[in-house]
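Below is one structure, written out as structure tokens; comments come after it.
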Amino acid sequence: MKTLNRLEAYKVMFAFLDRIYFEEGKNDDLGSLLGSMSLWEDKEGGTMDAAAWADWEDIVQDKELNLDNTYNFMIDYMKEINSTYNSKDLAEMIESFKLGDDKEKNKVNLEYWEKAYSKVKEDSKAAMIKLLMR
């Protein structure tokens, strides 16, 4: 099982959402969310909007994180965030992330998730910051 710490899990979530943003259409609400979720260059776990990191910590708490359950925590996090945004587009996106009967959509989402994990694990700190700042 691929275990993660809170920061790695957050970075996987961010990389996944960043990929969705750039590959599936630049949704304004998702772009705004990604801006607030971006990590400060000089702070591990510090986000542009401090509430973004606090919300993440509230979701994951002291739970053991792995690649599988972090995907579900990402969905919970997005729901929590969207309770403030009240975005129809984000709500539809969240629904599309849920694993269900649509095997092809599941395959794409999980492929993106695995690639996000690989990217986080392979990138150095400088490369990750560069990704977040594009």
Side-chain angles (χ1 to χ4, degrees):
M1 176 111 7
K2 298 172 181 172
T3 61
L4 303 162
N5 63 42
R6 284 184 293 179
L7 181 59
E8 289 170 329
Y10 185 89
K11 287 179 177 181
V12 170
M13 173 179 63
F14 186 95
F16 173 82
L17 295 172
D18 188 65
R19 184 177 185 129
I20 296 290
Y21 178 78
F22 282 101
E23 292 197 13
E24 295 190 7
K26 296 181 177 178
N27 176 284
D28 289 341
D29 291 335
L30 181 56
S32 175
L33 175 61
L34 286 167
S36 67
M37 289 175 62
S38 295
L39 292 167
W40 283 104
E41 184 174 335
D42 60 346
K43 292 170 62 178
E44 290 292 315
T47 52
M48 297 294 175
D49 177 349
W53 182 255
D55 289 342
W56 176 245
E57 287 190 318
D58 287 346
I59 297 293
V60 298
Q61 298 173 359
D62 291 328
K63 297 173 182 136
E64 187 173 318
L65 301 173
N66 60 57
L67 193 58
D68 296 334
N69 69 7
T70 299
Y71 185 85
N72 293 320
F73 291 139
M74 180 264 306
I75 293 171
D76 293 342
Y77 178 81
M78 295 290 294
K79 286 179 186 175
E80 178 64 28
I81 296 299
N82 201 40
S83 69
T84 302
Y85 275 75
N86 286 322
S87 164
K88 181 181 174 194
D89 289 342
L90 285 180
E92 289 173 2
M93 192 176 299
I94 294 163
E95 284 302 311
S96 78
F97 293 158
K98 292 180 181 176
L99 301 177
D101 295 333
D102 186 345
K103 301 278 189 230
E104 191 56 37
K105 186 64 179 171
N106 290 348
K107 181 180 173 186
V108 170
N109 285 341
L110 293 176
E111 193 174 286
Y112 280 9
W113 191 250
E114 277 286 338
K115 287 180 180 179
Y117 170 80
S118 295
K119 182 146 191 67
V120 168
K121 285 298 190 179
E122 292 169 7
D123 285 352
S124 67
K125 183 178 178 183
M128 178 51 70
I129 292 167
K130 184 177 179 181
L131 168 71
L132 298 175
M133 301 307 284
R134 67 168 137 144

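A quick note: this is a predicted structure, and the numbers were derived from the prediction, not measured.
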Quick one: do K11 and K119 satisfy side-chain contact (heavy atoms from CB on, under 4.5 Å)? Show the steps, please.
CA-CA 9 Å; K11 287 179 177 181; K119 182 146 191 67; over 6 Å; no
Checking side-chain contact (heavy atoms from CB on, under 4.5 Å) against Y10, which of T47, L65, I59, L4 comes through?
T47
[X] [atom1] to [Y] [atom2] distance, which is reported to the nearest 0.5 Å:
X: L34; Y: D18; atom1: CG; atom2: CG; value: 6.0 Å
X: S36; Y: M48; atom1: OG; atom2: CE; value: 10.0 Å
X: E24; Y: L17; atom1: CD; atom2: CG; value: 11.0 Å
X: E80; Y: D76; atom1: CD; atom2: CG; value: 9.5 Å
X: L33; Y: D28; atom1: CG; atom2: CG; value: 12.5 Å
X: Y117; Y: E122; atom1: OH; atom2: CD; value: 10.0 Å

Without placing hydrogens or testing angles, list every side-chain donor-acceptor pair under 3.5 Å for residues 67-74, not counting sequence neighbours.
{"unit_1": "N69", "atom_1": "OD1", "unit_2": "N66", "atom_2": "N", "d": "2.9"}
{"unit_1": "N69", "atom_1": "ND2", "unit_2": "E64", "atom_2": "O", "d": "2.8"}
{"unit_1": "T70", "atom_1": "OG1", "unit_2": "N66", "atom_2": "O", "d": "2.7"}
{"unit_1": "Y71", "atom_1": "OH", "unit_2": "F97", "atom_2": "O", "d": "2.5"}

K107: side-chain contact (heavy atoms from CB on, under 4.5 Å) partners, not counting sequence neighbours:
E104, E111
Suppose we screen for side-chain contact (heavy atoms from CB on, under 4.5 Å). Which residues come up paired with T3, at least two apart in sequence or across chains?
none
Quick check: closest heavy atoms across [X] and [Y], and the distance to 0.1 Å?
X: N106; Y: G100; result: ND2-O, 2.6 Å
X: W56; Y: A9; result: CZ2-CB, 3.6 Å
X: S32; Y: Y85; result: OG-OH, 3.5 Å

Quick one: are R19 and F14 in side-chain contact, heavy atoms under 4.5 Å?
no
Do M93 and I20 come close enough that some side-chain heavy atom pair is under 4.5 Å?
yes
Who passes side chain to side chain donor-acceptor pair (under 3.5 Å) against [X], sequence neighbours left out?
X: D29; answer: S87
X: E57; answer: R6, W53
X: K115; answer: none
X: Y112; answer: E23

May I ask you to say whether K121 pairs ionically with E8, meaning some side-chain N is under 4.0 Å from a carboxylate O?
yes
Between L7 and L39, is the side-chain contact (heavy atoms from CB on, under 4.5 Å) condition met? List the steps.
CA-CA 10 Å; L7 181 59; L39 292 167; 4.1 Å; yes
Residues which pass salt bridge (charged side-chain N to carboxylate O under 4.0 Å, His left out) with K98, listed by chain and number, not counting sequence neighbours:
E95
By salt bridge (charged side-chain N to carboxylate O under 4.0 Å, His left out) - contacts of K2 (at least two apart):
E114
Short question: side chain of N109, backbone of S96 - any donor-acceptor pair under 3.5 Å?
yes
Would you sort out whether I75 and I94 count as a side-chain contact (heavy atoms from CB on, under 4.5 Å), showing the intermediate values?
CA-CA 6 Å; I75 293 171; I94 294 163; 4.0 Å; yes
With side-chain contact (heavy atoms from CB on, under 4.5 Å) as the criterion, how do M78 and L90 come out once you've worked through the C-alpha distance, each side chain's angles and the decisive distance to 0.1 Å?
CA-CA 8 Å; M78 295 290 294; L90 285 180; 4.1 Å; yes
